[in-house]
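Chain A is the first sequence line, chain B the second, and so forth, proteins listed ahead of strands; every chain is numbered from 1. Computed from heavy atoms alone, side chains included, the values below leave out hydrogens, waters and symmetry copies.
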2 protein chains.
Amino acid sequence: MIRLGKLTDYGVGLMTRMAQDGAAGLTNARDLSGRTGMPLPTVSKILKLLCQAGLLESRRGVGGGYALARDPRQITLGDMVDALEGPVALTECVGDGDCNCAYLADCGLQQQWNGINRRLQETLNSVTLAEMAAEAACPSPQGKGA
Amino acid sequence: MIRLGKLTDYGVGLMTRMAQDGAAGLTNARDLSGRTGMPLPTVSKILKLLCQAGLLESRRGVGGGYALARDPRQITLGDMVDALEGPVALTECVGDGDCNCAYLADCGLQQQWNGINRRLQETLNSVTLAEMAAEAACPSPQGKGA
DNA sequence: CCCAAACAGAACCAATTGTGTACTGTTTCA
DNA sequence: TGAAACAGTACACAATTGGTTCTGTTTGGG
Ligand code: FES
Ligand code: FES
């Protein structure tokens, strides 16, 4: 089951939320925690990671908070996944030229894996935060609760 | 880090190996274990899963073994991942119409996730076993060991 | 008929990873 | 100076995965 972690899921949700808020600027973690229902420490952790990756900008001190560092159209899903989940690497041998697969000594699949991995990254990078926020703002009428 | 399990990695390697062997037909688990260096029980487990998914056909008894069930061009990477890793589902809410995300009550991202998930599956399905085996058979000259 | 080869299935344990929380520091403004 | 809010670290718990083991079941040959 190829699945990304819950933190990533949550993180994308938080980013979407912030994008929908528009350029309202600073949003603090406590506020987001209250609005989404997820525990404050968890929100903090996620926002911090996103900030370290340069996707958010933080302002400390009393009136502080987080804000999107770039235009939502310049932030891709790939960026967020990268920030929260680490680099996309389908197998161990993706990335550098070293094939570490313990067994299958000379399997020679490294090139293929790299290619597939790259295509996957492109797919993720082709989705922007703006797109996710836009569609999320006008959900299909027969949504679950609404 | 989006990563598929080692079993999947190994499984793809085994399948590639079998595809390269051509229509040689039956290959037993012990033989593959010897050739790849991975423990027999693990090989057995992987082949069993692939067989259950209909990607391999098995023959029991003394001269038994496994063989590809279809032409390598009819087997995609998506099939193998499905068999060994379970269905691709990036988030919990992918699949049926139920959004189970504990927090983010009305995040409304379900549609997006489904779309992204589908694109991802398409990417995996666009790679056939034949392709992987072909390139693996003639690796780049400056390969690691050769 | 009986035995060995090979797959089938289930159960199981160990290791890793991911999740979530807590605590302590640091910066900023009133 | 003090409170608000982010930053960083460390840790405990839970879930998943990886891998092994054991016990059938089928097949062919001696
Ligand atoms: S699995 Fe990485 S090169 Fe073989
Ligand atoms: S994360 Fe699934 S709909 Fe919100």
**Study point:** Nearest-angstrom distance from the residue atom CG of Leu26(A) to P of dC6(D)
**Key:** 9 Å

Review point. Does OP1 or OP2 of dG18(C) have a side-chain N or O of Tyr10(A) closer than 4.0 Å?
Key: no

Check your understanding: Can you tell me how far P of dC7(C) sits from CZ of Arg30(B), to the nearest Å?
Key -> 9 Å

Check your understanding: For the side chain of Val62(A), counting heavy atoms from C-beta on, which of dA4(D), dA8(C), dC6(D) is nearest?
Key -> dA4(D)

Check your understanding: Do you see a donor-acceptor pair shorter than 3.5 Å between the side chains of Arg17(A) and Thr27(A)?
Key -> no

Revision key, fill the gap. note: Lys6(A), atom NZ; dT17(C), atom C1'; distance rounded to Å ~ 14 Å

Review point. Taking the side chain of Gln52(A) as heavy atoms from C-beta outward, which of dC6(D), dG8(D), dA6(C) is closest to it?
Key: dG8(D)

**Study point:** Under 3.5 Å: donor-acceptor pair, side chain of Asn125(A), backbone of Thr76(A)
**Key:** no

Practice item. Check the distance between dT17(C)'s C1' and Arg3(A)'s CZ and give it to me in whole angstrom. Key: 15 Å

Check your understanding: Atom CG of Leu40(A) to atom P of dG20(C): distance rounded to whole Å?
Key -> 14 Å

Exercise for review: Tell me whether the OP1 or OP2 atom of dG28(D) has a side-chain N or O from Arg59(B) closer than 4.0 Å.
Suggested key: yes

Check your understanding: Mapping Leu47(B) and Pro41(A) onto DNA chain C by nearest heavy atom, which one lands closer to the 5' end?
Key -> Leu47(B)

Check your understanding: Side-chain N or O of Ser58(B) less than 4.0 angstrom from OP1 or OP2 on dA6(C)?
Key -> no

Point to revise | Separation of dA5(D) C1' from Leu56(A) CG (nearest whole Å) | key: 15 Å

Exercise for review: Mind checking Gly5(B) for me? I need base, sugar-phosphate or nothing, with any heavy atom below 4.0 Å counting as a touch.
Suggested key: sugar-phosphate

Review point. Any side-chain heavy-atom pair from Arg118(B) and Asn114(B) closer than 4.5 angstrom?
Key: no

Exercise for review: Mind calculating the distance between CD (Glu92(B)) and P (dA15(D)) to the nearest angstrom?
Suggested key: 13 Å

Study note, to complete from the structure: Partner of Leu77(A) under side chain to side chain contact (heavy atoms under 4.5 Å, CB included), picked from Leu124(A), Thr128(A), Thr8(A), is Leu124(A)

Point to revise | Protein-nucleotide distance (Leu50(B), atom CG; dA8(C), atom C1'), rounded to Å | key: 14 Å

**Study point:** Distance-only donor-acceptor test (3.5 Å): side chain Arg60(A), base dT28(C)
**Key:** no

Point to revise | For the student: nearest non-hydrogen atoms of Leu56(A) and Met15(A), plus distance | key: CD2-SD, 3.7 Å

Practice item. When you get a sec, tell me which of dA8(C), dT21(C), dG19(D) is the closest nucleotide to the side chain of Leu7(B)? Key: dG19(D)

Exercise for review: Just call it for Lys48(A): base, sugar-phosphate, or nothing, with non-hydrogen atoms closer than 4.0 Å on any strand.
Suggested key: base

